[in-house]
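Step one of this worksheet: look at the structure below.
Computation of the quantities below employed the complete heavy-atom set of this structure, encompassing side-chain atoms and omitting hydrogens, waters and symmetry-equivalent molecules. Each chain gets a letter, A, B and so on, in the order its sequence line appears, and its residues count up from 1. Values in this document were obtained by computation on a predicted structure and should not be read as measured data.
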Protein chains: 2
Amino acid sequence: MYERKTPLTIDCGLHLTREVLNGKWKAALLNAISMDVKRPSEILRLLPGATRRVLNVQLKELEEHGMVEKKIYPQLPPKVEYSLTEIGWSLIPIIDAMNQWGDANRQFLETVITQDPKITQTSKSACQIHRRMAIDRKIV
Amino acid sequence: MYERKTPLTIDCGLHLTREVLNGKWKAALLNAISMDVKRPSEILRLLPGATRRVLNVQLKELEEHGMVEKKIYPQLPPKVEYSLTEIGWSLIPIIDAMNQWGDANRQFLETVITQDPKITQTSKSACQIHRRMAIDRKIV
DNA sequence: CAGAATCCACCAGGATACTG
DNA sequence: CAGTATCCTGGTGGATTCTG
């Protein structure tokens, strides 16, 4: 256990939300699970560029924060399924909004972001799935 | 300049949005500016726990990403004002949503988050201002 | 297939002090 | 008041390897 030098501020809703979504893949994970991509190997396939370890870590945090539930099937080969909790689901509209905002402004964002050259590559899979499933959910 | 080991994926709207909001204070900064807290010293007062340096860095990124504009008044003492661009404004609904989600689930979140003991302290200022102004903006 | 244990590079971001 | 220059630390998350 450790202690932060500067304690986080938790009284602002913004910071609470930030804390939950803090982590490179958290939002993507919630998104994936909401799209019924719920098994670790599927998620892994959906998010190339993420390690199994990282996903495990972040999924565990999401679980500890009560956003997802993990169901372990005691069988061989092992099987695990994640699902969103009620409060986890309540985050989905926000994630959808972020997704849509990013898509809507893709043209512009890719330009300005690519200028500071941290960004390079691509992976459309998650989004394609998102759109399809979002339609199923009557969101789009 | 450096190069990331694993290039970020930019094709998913989620990741684009994440990139823009990536930084401990980005959302809070946009929020503050949208609330007409637009001068560096005001912002600094609003976000205790953030250094001037860090705010400058993140504001600069927001500026480079086209979310805010910086107006410098060439006078003494110097005066600077930030404002949201059009695309910056379009992010505000999402930030509001995050804020509201965090507030709505405060009870629960504070519990689960405080358990892994990274969090300690408080600062309600930003939120109080938020609510008041949000009413002005007819959002709440 | 799922996961845990190590190891470690690398920045984000905090502290401090100085300039205009 | 605003901005910048340095310095430094700790945590994130990537790579790798090993179990059941």
- Item | salt bridge (charged side-chain N to carboxylate O under 4.0 Å, His left out) contacts in which one or both residues fall within residues 46-59 of chain B, not counting sequence neighbours | none
- Does C:dT16 have OP1 or OP2 sitting under 4.0 Å from an N or O in the side chain of B:Thr51? no
- Message: What is the separation between atom NZ on B:Lys24 and atom P on D:dG10, rounded to the nearest whole Å?
- Response: 14 Å
- Compare all side-chain heavy atoms of B:Tyr73 with those of B:Glu81 and state whether any distance is below 4.5 angstrom. yes
- Strictly by modelled atom types, are A:Trp101 and B:Ser90 linked by a side-chain donor-acceptor pair under 3.5 Å? yes
- Heavy-atom side-chain proximity of B:Met67 to B:Ile87 below 4.5 angstrom: yes
- Mind calculating the distance between CG (B:Asn22) and P (D:dG13) to the nearest angstrom? 9 Å
- Query: Closest to the A:Arg39 side chain: D:dG3, C:dA2, C:dG13?
  - Reply: C:dA2
- Query: Atom NE2 of B:His15 and atom C1' of D:dG13: how far apart are they, to the nearest Å?
  - Reply: 14 Å
- Derivation of the side-chain contact (heavy atoms from CB on, under 4.5 Å) call for A:Thr17 and A:Val20: CA-CA 5 Å; A:Thr17 309; A:Val20 171; 5.7 Å; no
- Whole angstrom is fine here: how far is it from CD1 in A:Ile43 over to C1' in C:dA2? 12 Å
- Matching residue for B:Leu21 among B:Leu62, B:Leu30, B:Leu16 - test: side-chain contact (heavy atoms from CB on, under 4.5 Å): B:Leu30
Under 3.5 Å, N/O pairs linking protein and nucleotides 4-6 of chain C:
{"unit_1": "C:dT6", "atom_1": "O4", "unit_2": "A:Arg53", "atom_2": "NE", "d": "3.0"}

- How many Å lie between CG on B:Leu44 and C1' on D:dG3, as a whole number? 12 Å
- Task: Please state how far atom CG in A:Leu47 lies from atom C1' in D:dG14, giving the value in whole angstrom units.
- Result: 15 Å
- Task: For A:Leu76 and D:dG20, give me the distance from atom CG to atom C1', rounded to whole Å.
- Result: 7 Å
- Query: What nucleic acid atoms does B:Pro78 come within less than 4.0 Å of, heavy atoms only: base, sugar-phosphate, or nothing?
  - Reply: base
- Message: To the nearest 10°, give me the bend of the helix from C:dC1-D:dG20 to C:dG20-D:dC1, comparing the axes of its five terminal pairs at either end.
- Response: 40°
- Query: Which whole-number value in Å describes the distance from A:Tyr73 OH to C:dG3 P?
  - Reply: 13 Å
- Query: Can you tell if the side chain of A:Val80 reaches within under 4.5 Å of the side chain of A:Lys70, non-hydrogen atoms only?
  - Reply: yes
- Query: Distance from B:Glu19 atom CD to A:Glu110 atom CD, nearest 0.5 Å?
  - Reply: 12.0 Å
- Message: Taking CD in B:Gln107 as the centre, count heavy atoms belonging to other residues, nucleotides or ligands within less than 6.0 Å. Is the count above 12?
- Response: no
